[in-house]
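Counting starts at 1 for both ligands and their atoms, following the listed order.
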Amino acid sequence: MPDARLGKEVIASPLAIQGLTVSYDHRPVVHSVDFVTPPGSMSAIIGPNGAGKSSLLKAALGITRRLTGEVRVFGRPFDQMTRHVAYVPQRNSVDWDFPARVIDVVAMGLFRDLRWWQFGGSGQRRRAMRALARVGMEAFAERQIGQLSGGQQQRVFLARALVQEADLTILDEPFAGVDAATETAIVEVLKSLRDEGRTLLCVHHDLATVRSYFDHVLLLNVRRVAAGPVDEVFTEANLQATYGGRLSPVQLARLVEPALAERGR
Ligand SMILES: Nc1ncnc2c1ncn2[C@@H]1O[C@H](COP(=O)(O)OP(=O)(O)OP(=O)(O)O)[C@@H](O)[C@H]1O
């Protein structure tokens, strides 16, 4: 049962982080962060290099134990909820030279749901092929993963998360190093998942696309600068605070009020 001490918002939330501090060698790289993702939302974690974005994700996923504070997935500890969470790591964190076919990598997303005698069944292959079709990669099913382009690799990773049919999907920089067409394709898939009521949380670096891709945002620079709906939180003052005043007034105007910047040309 969910912890009765926690508020209703935390119990209903796909991911609720309270007072989270992550430290390496006694140095906090994430400090006292509170953050709640609303159900059926697409949220971005934004912040400069070294702001603690990946460390926060690792804490949320139970990958690092160097933390204090509380992380709850639908009101429960992550360990009890792993079936409900899919994770798409950074593409460059994986050895793509490992000999494996695309279809096998995608089907691996199903393994935690299966008993050993169910491995290799035709049902799994069908589910993996459906996921590959959703990201436009069914023609590559038999290819070795080492023969794919960066954008194709990212689509395969997304397909691997899709077969899990998770309620919460966490993605670490899903658009890093992909071309515009692949980025658009990935965004469409993510938005369709959100429209099905699923929740997505992405580490994201491109400030220019925050407004069109996401509905909620966490601005992070070791500490939480602000969090909430993009319309309320993605403001000039909050961006300056997050990036330590390193964005020029022109950059800020374009990011915060793109329509106004367009008209002023
Ligand atoms: N395993 C580790 N041991 C020691 N320090 C670490 C470790 N992992 C990360 N750090 C440090 O923690 C800080 C936050 O790193 P993190 O990777 O979480 O930031 P980030 O916001 O994801 O950065 P980027 O945008 O560059 O990916 C950095 O100063 C980094 O050097």
Side-chain angles (χ1 to χ4, degrees), residues 14-37 42-73 78 85-96 150-151 153-154 157-158 161 168-179 182-183 186-187 190 199-211 213-214 216-228 230 233-235 237-248 251-252 255:
L15 180 67
I17 288 170
Q18 294 185 306
L20 178 71
T21 295
V22 181
S23 303
Y24 298 109
D25 304 323
H26 307 291
R27 182 174 68 95
V29 297
V30 175
H31 199 281
S32 294
V33 171
D34 293 331
F35 178 57
V36 172
T37 54
M42 195 157 148
S43 300
I45 304 178
I46 305 283
N49 292 137
K53 301 178 296 294
S54 296
S55 299
L56 184 142
L57 287 196
K58 283 181 192 161
L61 291 158
I63 296 171
T64 180
R65 303 278 172 183
R66 301 159 196 254
L67 61 92
T68 57
E70 198 150 50
V71 177
R72 295 268 156 167
V73 175
F78 176 79
V85 183
Y87 174 49
V88 179
Q90 279 188 26
R91 192 165 47 84
N92 61 12
S93 67
V94 169
D95 176 10
W96 289 96
Q153 289 171 347
Q154 195 66 42
F157 254 4
L158 184 57
L168 168 65
T169 301
I170 295 179
L171 306 99
D172 200 347
E173 298 190 38
F175 309 117
V178 304
D179 68 17
T182 299
E183 179 160 336
I186 292 174
V187 169
L190 298 181
T199 303
L200 300 125
L201 174 64
C202 299
V203 170
H204 188 61
H205 270 293
D206 181 7
L207 298 178
T209 51
V210 170
R211 281 183 175 278
Y213 291 179
F214 299 97
H216 284 71
V217 64
L218 165 65
L219 295 170
L220 183 74
N221 193 345
V222 183
R223 293 173 184 271
R224 161 183 154 146
V225 176
V230 170
V233 163
F234 197 67
T235 63
N238 284 337
L239 283 170
Q240 283 296 25
T242 308
Y243 287 86
R246 280 184 282 132
L247 298 173
S248 74
Q251 279 176 313
L252 277 168
L255 295 172

What are the two closest non-hydrogen atoms of Ser55 and Tyr24, and how far apart are they?
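So the minimum-distance heavy-atom pair works out to OG-OH, 3.4 Å.
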
Might you point out which heavy atoms bring Ile46 and Tyr243 nearest each other, and give the distance in Å?
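It is CG2-OH, 3.2 Å.
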
Are any side-chain N or O atoms of Thr169 and backbone N or O atoms of Leu200, one a donor and one an acceptor, separated by less than 3.5 Å?
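Such a contact is absent between Thr169 side chain and Leu200 backbone.
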
So, the side chain of Lys53 versus the backbone of Leu220: is there a donor-acceptor pair under 3.5 Å, distance only?
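Looks like no, no N/O pair under 3.5 Å.
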
With sequence neighbours left out, write down each residue that passes side-chain hydrogen bond (donor to acceptor under 3.5 Å, both in side chains) with Gln153, or none if nothing qualifies.
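Expected list: Arg91.
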
List the steps, then state whether side-chain contact (heavy atoms from CB on, under 4.5 Å) holds for Leu171 with His204.
CA-CA 9 Å; Leu171 306 99; His204 188 61; over 6 Å; no

Distance dump, ligand 1 polar atoms to protein, N/O, under 3.5 Å:
unit_1	atom_1	unit_2	atom_2	d
ligand 1	18 (O)	Ser55	N	2.9
ligand 1	18 (O)	Ser55	OG	2.6
ligand 1	19 (O)	Gly52	N	3.3
ligand 1	21 (O)	Ala51	N	3.1
ligand 1	21 (O)	Gly52	N	3.0
ligand 1	21 (O)	Lys53	N	2.9
ligand 1	21 (O)	Lys53	NZ	2.8
ligand 1	22 (O)	Ser54	N	2.9
ligand 1	22 (O)	Ser54	OG	3.0
ligand 1	23 (O)	Gly50	N	2.9
ligand 1	25 (O)	Asn49	ND2	3.1
ligand 1	25 (O)	Lys53	NZ	2.8
ligand 1	25 (O)	His205	NE2	3.2
ligand 1	26 (O)	Asn49	ND2	3.1
ligand 1	29 (O)	Arg27	NH2	3.4

